[in-house]
Amino acid sequence: MTNNDKQHLLDLRYLRMARIWSENSYCTRRHVGALVVKDKMIISDGYNGTPSGFPNICEDENGITYPYVLHAEANAITKLARSSNNSDGSTLYVTASPCIECAKLIIQAGIKRVVYGEKYRLEDGIRLLERANIEVIYLNPNENESK
């Protein structure tokens with residue numbers, strides 16, 4: 001097995017773990033999970049939801065997401081700010097492609113790879129990451145489920 005094969009298997013596993021982590025979200029419209037991995041260790045995690053101290057309600061009575069709801073990537077990256085870890089050179093695994101706002105955070109956090117499992121209709125976040133020379137990989141998390 002080549003190093004590329006091993007990395008592909010690791011990418012699939014971490015992406016499946018991010019999908020499981022997304023189950024912690026209280027949002028009803030969409031569950032998104034994220035993991036930050038450095039040197040084969042998970043150094044942070046996040047899922048979409050409200051800021052600390054807010055009620056765990058993400059949408060109003062019309063199903064519209066509140067503007068203060070944090071994306072999974074933002075939660076994972078800001079959690080690092082409260083820890084002794086840093087994300088320089090790490091990989092972000094996220095169940096949905098990053099938006100432009102999260103892409104800016106990813107760039108500033110020094111993350112060098114992003115592996116995502118679901119395409120979003122807007123691709124401006126992906127384009128910004130590529131422009132910043134961050135390796136961006138789309139992997140269908142349903143591939144190779146048994147591995």
Side-chain angles (χ1 to χ4, degrees), residues 2-52 54 57-60 62-83 85-145 147:
T2 69
N3 282 343
N4 283 346
D5 292 336
K6 288 178 186 175
Q7 185 61 59
H8 181 73
L9 289 177
L10 277 174
D11 288 345
L12 284 169
R13 287 180 185 139
Y14 283 125
L15 201 53
R16 285 196 305 268
M17 291 170 74
R19 187 172 54 185
I20 289 166
W21 199 245
S22 76
E23 295 172 11
N24 289 316
S25 174
Y26 288 92
C27 298
T28 55
R29 286 184 59 216
R30 188 171 198 182
H31 293 213
V32 180
L35 297 176
V36 180
V37 176
K38 186 173 179 178
D39 301 325
K40 296 185 182 176
M41 291 187 310
I42 298 169
I43 60 170
S44 191
D45 54 60
Y47 51 87
N48 57 324
T50 57
S52 298
F54 281 64
I57 301 168
C58 298
E59 297 90 3
D60 65 19
N62 297 316
I64 306 297
T65 301
Y66 290 118
Y68 54 80
V69 169
L70 290 156
H71 289 185
E73 306 95 313
N75 261 328
I77 291 167
T78 55
K79 189 185 277 189
L80 278 167
R82 298 177 81 176
S83 76
N85 285 317
N86 75 69
S87 50
D88 278 340
S90 64
T91 299
L92 173 75
Y93 295 90
V94 61
T95 58
S97 63
C99 70
I100 190 112
E101 294 302 318
C102 288
K104 291 188 269 186
L105 291 174
I106 291 164
I107 293 165
Q108 289 300 95
I111 293 168
K112 293 300 175 204
R113 291 178 77 235
V114 174
V115 180
Y116 69 100
E118 183 184 314
K119 293 183 180 181
Y120 187 59
R121 61 182 168 81
L122 299 175
E123 295 186 358
D124 49 352
I126 297 296
R127 285 194 299 271
L128 184 63
L129 292 171
E130 289 170 343
R131 185 173 165 196
N133 294 317
I134 292 173
E135 183 181 0
V136 180
I137 300 165
Y138 165 72
L139 276 182
N140 183 334
N142 297 321
E143 290 176 5
N144 307 315
E145 278 293 329
K147 291 187 180 176

*Hey, is Arg127 close enough to Glu130 for a salt bridge, meaning N to O under 4.0 Å?*
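Salt bridge between Arg127 and Glu130, a charged N being under 4.0 Å from a carboxylate O: no.
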I need the [X] [atom1] to [Y] [atom2] distance, nearest 0.5 Å.
{"X": "Ser97", "Y": "Glu118", "atom1": "OG", "atom2": "CD", "value": "7.5 Å"}
{"X": "Thr78", "Y": "Leu70", "atom1": "OG1", "atom2": "CG", "value": "6.0 Å"}
{"X": "Met17", "Y": "Leu12", "atom1": "CE", "atom2": "CG", "value": "13.0 Å"}
{"X": "Ile64", "Y": "Arg29", "atom1": "CD1", "atom2": "CZ", "value": "6.5 Å"}
{"X": "Leu15", "Y": "Leu10", "atom1": "CG", "atom2": "CG", "value": "12.0 Å"}
{"X": "Tyr93", "Y": "Arg113", "atom1": "OH", "atom2": "CZ", "value": "5.0 Å"}

_Thr95 side-chain N/O to Gly33 backbone N/O, donor-acceptor pair under 3.5 Å_ =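 Such a contact is found between Thr95 side chain and Gly33 backbone.
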*Does Asn75 use its side chain to pair, donor to acceptor, with the backbone of Tyr47 at less than 3.5 Å?*
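Indeed, once roles are kept as given, a pair shorter than 3.5 Å links the two residues.
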*Given side-chain contact (heavy atoms from CB on, under 4.5 Å), test Leu80 with Asn86 step by step and report yes or no.*
CA-CA 6 Å; Leu80 278 167; Asn86 75 69; over 6 Å; no
Do you know which two heavy atoms are closest between [X] and [Y], and how far apart they sit?
{"X": "Arg30", "Y": "Ala96", "result": "NH2-CB, 3.4 Å"}
{"X": "Ile43", "Y": "Ser87", "result": "CD1-CA, 4.2 Å"}
{"X": "Ser44", "Y": "Ala76", "result": "OG-O, 2.7 Å"}

Flag side-chain contact, heavy atom, 4.5 Å: [X] against [Y]:
{"X": "Tyr14", "Y": "Lys40", "result": "yes"}
{"X": "Val36", "Y": "Lys79", "result": "no"}
{"X": "Leu139", "Y": "His8", "result": "yes"}
{"X": "Lys38", "Y": "Asn85", "result": "no"}
{"X": "Tyr26", "Y": "Glu59", "result": "no"}
{"X": "Val32", "Y": "His71", "result": "no"}
{"X": "Cys58", "Y": "Asn48", "result": "no"}
{"X": "Tyr66", "Y": "Thr50", "result": "no"}

*So does Gln108 have more than 12 non-hydrogen atoms from other groups sitting under 6.0 Å from CD?*
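No, not enclosed.
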_Residue pair Ile126, Tyr116: steps toward the side-chain contact (heavy atoms from CB on, under 4.5 Å) verdict_ = CA-CA 10 Å; Ile126 297 296; Tyr116 69 100; 3.6 Å; yes
*Between Gln7 and Asp11, does any side-chain donor sit less than 3.5 Å from a side-chain acceptor?*
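There is such a pair (donor and acceptor under 3.5 Å, judged by atom type) between the side chains of Gln7 and Asp11.
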*For Cys102, all residues meeting disulfide bond (SG atoms under 2.5 Å apart), sequence neighbours excluded*: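 If we apply the disulfide bond (SG atoms under 2.5 Å apart) test to Cys102, skipping adjacent residues, there are no hits.
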